[in-house]
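Throughout, protein chains are lettered first and strands after them, A, B, ... in sequence-line order, and every chain is numbered starting at 1.
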Amino acid sequence: MKHKIQQLLKQSLDALVTAKEIDSAVLPKIVPVERPRRAGQGDYASGIALAIARAAGRKPRDLAMLIKDNLPPSTLVDSTEIAGPGFINFFISEQALMDVITDVREQRENYGTGVVETADSVLLEFVSANPTGPLHVGHGRGAAYGDTLARLLRAAGHQVSTEYYVNDIGRQMDILTVSVWIRYLQLEGDTILLPKAAYQGDYIVDIAKHLRQCHDARFDSHRAAEIEAKGSSDDEVLDSLIRQVRQQLGEERFNELRRFVLAEMVEVIRTDLGTIGVVHDEWFFESQVTQSEELEAAIAALEQNGCVYESDGATWFRSSDYGDEKDRVLRRSNGELTYFSTDIAYHLNKLRRGHDLAINVWGADHHGYIARMKAAVQAAGEDAERLHIHIVQFAALWRGKQKIPMSTRAGEFVSLQEMVDDIGRDATRFFYVLRKPEQHLDFDLELAKSQSNENPVYYVQYAHARICSVFRQMKERSIVRNANNGHVPLVEEVELNLIRQISRFPEVVESSAKSFEPHQIAYYLRDLSTDFHAFYNRVRILDSEPELRDTRLNLIDSVRQILVNGLDILGVSAPESM
RNA sequence: GCGCCCGUAGCUCAGCUGGAUUAGAGUACCAGACUACGAAUCUGGGAGUCGGGGGUUCGAAUCCCUCCGGGCGCGCCA
């Protein structure tokens, strides 16, 4: 509907250009059309006259009048007016509003979808937390945002595949492996101690138990008592421990153990994600990059473009030439490649898989990496514009007035699982996406739990349940509905507001997909529910005259459909009763 | 110290590419509405110098500068 208004304006402007009233150079690419905030200012308004008045050398109101007079006739528009400094207000015709109900009921789950002009293929990577422990509430936010974004972009008409990048190599995996191993020995009464810098969580014990179940004594060692992890720092203690365990088990058995632990961890994470309904299409392992030619090829590409140099025995990427603060190390002086190097290779891999766009959802602690990543992508010959990086701020957890410290290594964190058990999947997801991702989030568990009945998600779900209830009542009272008869013009203000709200849905999907802001959907659903509840309290549906009753039933049927479509984007259920 | 994000009603937050001389929701507080399709709802009310100060212009919560306050990041870690 908004696009139709834009088209009408465009036609008028073109006509004025043809008549040499204005110069085509002053026309904007997109004709601004908005929903006025205040009632009485029409269903749509355009500030086009104000925007181009200066360049056109005319007074805004005069120009607005000119544009208005050249608008082609349309059944969509009932009337137009010039208001304020030079706005053109459009009032939608009664018939066009009634048609909205019909449109929704014809298009059903497709209403509001496929709204983008060009359908892009998108690769969306999110969560990608290190596989060293269960997901906590901070990861949950990224998971909820990423998954909702995926659903949103799909609804908008894009093709999306989602991916989890697993850092399955490096020291942290070794630490994890020995942590499990020690717990595994302890299960059989071994007195070996777990260094405090190792992973302490209960999940380590769970994995150790499963290891016993699956492999019994295969990873036992007779010489375990000889192990003495020593060092002057936590890091040295761990390194010494890893070295000794690796020696006792032998390279092959250690790697086998490592693979087991990794597989277990991935399963833990997959399960955690499942509790809020998040399922990734692909799981991409860092080792896929390091074990291929891609890693060296990526560095070679940077070299070819002359952005690599040697200094202090290390290999550097001249990222400062591409907007980064300083240059970054690709290969350390000890010959090992940095994490950054493999990350470059991974991102090049993603960009070369034939997608139009690669989107990353990163935690706030990674925002310092955006510049260097984009620099690398660009230096390797790819278009950095095709890489979008969205930062999600962490969720700080509070229990009342007490802040809950979170550290994965120390095993201190509130797990995502715990939170979902506490307040439920729907509330968890809705709560997360109710805020802009870049906004800091203070999440009070006590509050979320104690006020769970006042959570906005119930407000929206209740609207849906109420509508379903009306249809149940209809059957109980043996009321015969003729959906084809429901075409009586609705005149109540609450009804018209409701229809207008419904008609906004495609615009909201488009806008929120365009700006990657799923929270717009959540707020829209709340507004729609508000209008529905107001309507419900003001107007009787089943007790109306048959024709009017059928019309109102069609109306709430379309409201129900929009609620379903919107909630589906959020990954939240639409219960028929609560 | 430098960089990025944030600062809107007591609290939690919206405000779409700057727009309509009264800046919006929810929550909390106060007052009302069920012999009626589910009161997990609705109706009304008070509450804010949009962190402070400059600037850009017809017009600023929105853009620029500066200061204050908060978060995060600034490794040859991953």
Side-chain angles (χ1 to χ4, degrees), chain A residues 28-30 32 34-38 41 45 47 50-51 53-54 59-60 83-87 89 130 132 167 169-173 235 286 311-316 324-326 328-340 342-343 363-371 391 393-394 396 434-444 447 451-456 458-459 461-463 465-474 476-477 479 507-508 510-512 514-515 517 519-520 522-523 526-527 529-530 532-544 552 556 577-578:
Chain A
K29 284 192 196 115
I30 301 166
E34 61 181 25
R35 294 272 186 170
R37 301 219 177 123
R38 306 187 66 79
Q41 296 177 344
L50 290 109
R54 174 187 293 274
K59 288 180 183 170
F87 286 96
N89 295 339
N130 286 333
T132 54
N167 298 114
I169 58 173
R171 212 171 78 97
Q172 60 180 9
M173 274 309 303
D235 281 342
E286 185 181 0
S311 176
D312 299 328
T315 306
W316 296 72
D324 196 8
E325 295 174 347
K326 50 177 284 193
R328 310 289 175 179
V329 173
L330 294 171
R331 189 190 305 277
R332 290 185 264 161
S333 51
N334 68 5
E336 283 179 32
L337 289 162
T338 58
Y339 172 84
F340 180 45
T342 57
D343 230 15
D365 56 337
H366 282 74
H367 83 250
Y369 294 80
I370 298 176
I391 292 297
Q393 292 290 335
F394 283 135
L434 200 55
R435 284 153 175 71
K436 285 188 294 194
E438 66 268 28
Q439 184 77 250
H440 297 111
L441 166 59
D442 282 336
F443 205 119
D444 187 337
L447 206 68
Q451 296 194 340
S452 63
N453 275 3
E454 284 152 16
N455 191 298
Y458 294 104
Y459 185 78
Q461 289 181 322
Y462 183 51
R466 258 185 161 175
I467 292 171
C468 293
S469 177
V470 172
F471 283 105
R472 277 195 300 271
Q473 269 291 318
M474 182 185 81
E476 276 172 33
R477 290 208 240 155
I479 292 170
E507 294 161 25
V508 174
E510 182 184 6
S511 159
S512 81
K514 219 168 176 176
S515 51
E517 292 180 347
H519 76 272
Q520 289 185 31
Y523 278 90
R526 216 201 42 197
D527 290 344
S529 300
T530 297
F532 168 74
H533 287 307
F535 158 82
Y536 184 89
N537 275 280
R538 174 80 180 71
V539 166
R540 300 247 92 212
I541 302 165
L542 294 178
D543 300 327
S544 315
R552 286 175 171 163
I556 64 169
S577 64
M578 300 171 64

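A close approach under 4.0 Å does not occur between any side-chain nitrogen or oxygen of A/R171 and OP1 or OP2 of B/rA78. Not one side-chain nitrogen or oxygen of A/R526 sits closer than 4.0 Å to the OP1 or OP2 atom of B/rU12. Side-chain nitrogen and oxygen atoms of A/R538 include none within less than 4.0 Å of the OP1 or OP2 phosphate oxygen of B/rU41. Residue A/K436 places none of its side-chain N or O atoms closer than 4.0 Å to OP1 or OP2 of B/rC5. OP1 and OP2 of B/rC37 both lie 4.0 Å or more from every side-chain N or O belonging to A/R552. Using a 4.0 Å cut-off, some side-chain N or O of A/H519 falls inside it from OP1 or OP2 of B/rG15. Between A/S469 and B/rG38 there is a side-chain polar atom (N or O) within less than 4.0 angstrom of OP1 or OP2.
Heavy atoms of A/A371 sit nowhere under 4.0 angstrom from any nucleic acid atom. Looking at heavy-atom distances under 4.0 Å, A/A463 makes no contact with the nucleic acid at all. Among the heavy atoms of the strands, none lies under 4.0 Å from A/D343. Using a 4.0 Å heavy-atom criterion, one finds that A/I391 contacts no nucleic acid atom at all. A/A314 comes within contact range of at least one nucleobase, with a heavy-atom separation under 4.0 Å. Heavy atoms of A/Y536 sit under 4.0 angstrom from at least one base atom. At the heavy-atom level, A/D312 lies under 4.0 Å from base atoms of the strands shown. Residue-level contact check: A/H533 touches the backbone only, with heavy atoms under 4.0 Å from sugar-phosphate atoms and none from bases. Residue-level contact check: A/S577 touches the bases, meaning some heavy atom is under 4.0 Å from a base atom. No contact: A/N167 has no heavy atom under 4.0 Å from any strand.
Along RNA chain B, the nucleotide nearest A/A534 and the nucleotide nearest A/G170 are compared for position; the residue whose nucleotide lies closer to the 5' end is A/A534. Both A/P85 and A/Q520 lie close to RNA chain B; mapped to their nearest nucleotides by heavy-atom distance, the more 5′-ward contact belongs to A/Q520.
Comparing B/rG59 with B/rC2, their C1' atoms are spaced 36 Å from each other, to the whole Å. Here, B/rG15 and B/rU8 have their P atoms 14 Å apart, quoted to the whole Å. Between B/rA23 and B/rA60, the distance separating the two C1' atoms is 12 Å to the nearest Å. Nucleotides B/rG75 and B/rG70 have their P atoms positioned 23 Å apart, rounded to a whole Å. Look at the C1' atom in both B/rC29 and B/rA47: the space between them is 10 Å, to the nearest Å. Of the C1' atoms belonging to B/rC6 and B/rU12, the separation is 15 Å, rounded to the nearest Å.
Using N1 to N3 plus N6-O4 or O6-N4 for Watson-Crick, or N1-O2 and O6-N3 for G-U wobble, each under 3.5 Å, B/rA33 pairs with B/rU41. B/rG48: no Watson-Crick or G-U partner with both key distances under 3.5 Å is found in any strand. With a 3.5 Å ceiling on both atom-pair distances, B/rG75 lacks any Watson-Crick or G-U wobble partner. Using the Watson-Crick or G-U wobble rule with both distances under 3.5 Å, B/rA14 pairs with nothing in any strand shown. Base pairing analysis places B/rU56 opposite nothing; no Watson-Crick or G-U wobble pair with both distances below 3.5 Å involves it.
The listed nucleotides are B/rC76, B/rC37, B/rG19; the one nearest the side chain of A/E34 is B/rG19. Between B/rA20, B/rC13, B/rC72, one nucleotide has an atom nearer to the side chain of A/Y523 than all others, and that is B/rC13. Listed nucleotides B/rC37, B/rG19, B/rG71 differ in distance to A/I541; the shortest reach to its side chain belongs to B/rC37. Side-chain proximity of A/K326 to B/rU41, B/rC37, B/rG75: nearest is B/rG75. Comparing atom distances between the A/Y459 side chain and each of B/rG73, B/rC42, B/rC77 picks out B/rC42 as nearest.
Of all the heavy atoms in A/V470 and A/L542, the pair that sits closest is O-CD1, 3.7 Å. Closest approach of A/I370 and A/I391 over heavy atoms only: CD1-CG1, 3.7 Å. Contact between A/N167 and A/M173 at its shortest, heavy atoms only, is O-CG, 4.1 Å.
In this structure, OH of A/Y462 is placed 5 Å from P of B/rA40, rounded to the nearest angstrom. Atom pair A/D235:CG and B/rA78:P shows a separation of 12 Å (rounding to whole Å applied). Atom CD of A/Q393 is separated from atom P of B/rG70 by 16 Å (rounded to the nearest Å). Rounded to whole Å, atom C1' of B/rC77 lies 12 Å from atom CG of A/N334. Taking atom CD of residue A/Q439 and atom C1' of nucleotide B/rA14, one finds them 10 Å apart after rounding to whole Å. The CZ atom of A/R435 sits 13 Å away from the P atom of B/rG15 (whole-angstrom rounding). Protein atom CD of A/E325 is 16 Å distant from nucleotide atom P of B/rG1, rounded to whole Å. Residue A/I370 contributes atom CD1, which lies 10 Å from atom C1' of B/rC5 at whole-angstrom precision.
In this structure, A/V329 and A/T315 have side chains that are not in contact, with every pair of non-hydrogen atoms separated by 4.5 Å or more. Taking 4.5 Å as the limit, every side-chain heavy atom of A/W316 sits out of range of all side-chain heavy atoms of A/R328.
Residues A/R477 and A/D543 are paired through a salt bridge, judged by an N-O separation under 4.0 Å between the basic side chain and the carboxylate.
Side chain A/N89 to base B/rA20: a donor-acceptor pair is found below 3.5 Å. Between the side chain of A/S333 and the base of B/rC76 there is at least one donor-acceptor pair of N/O atoms closer than 3.5 Å. For a distance-only test at 3.5 Å, the side chain of A/Y369 fails to qualify as a donor-acceptor partner of the base of B/rC72. Looking at A/H366, its side chain has no donor and acceptor atom pair within 3.5 Å of the base of B/rG73.
For the residue pair A/S544 / A/R552, a side-chain donor-acceptor distance below 3.5 Å is found, with atom types taken as modelled. Side-chain polar atoms of A/E286 and A/T342 form a donor-acceptor pair below 3.5 angstrom. Side chains of A/T530 and A/Y459: a donor on one and an acceptor on the other come within 3.5 Å.
Stacking between A/F87 and B/rA20 is shown: the ring centroid lies under 5.5 Å from the centre of the six-membered base ring, and the planes differ by under 30°.
A distance of 6.0 Å or more separates the ring centres of A/Y536 and A/H533.
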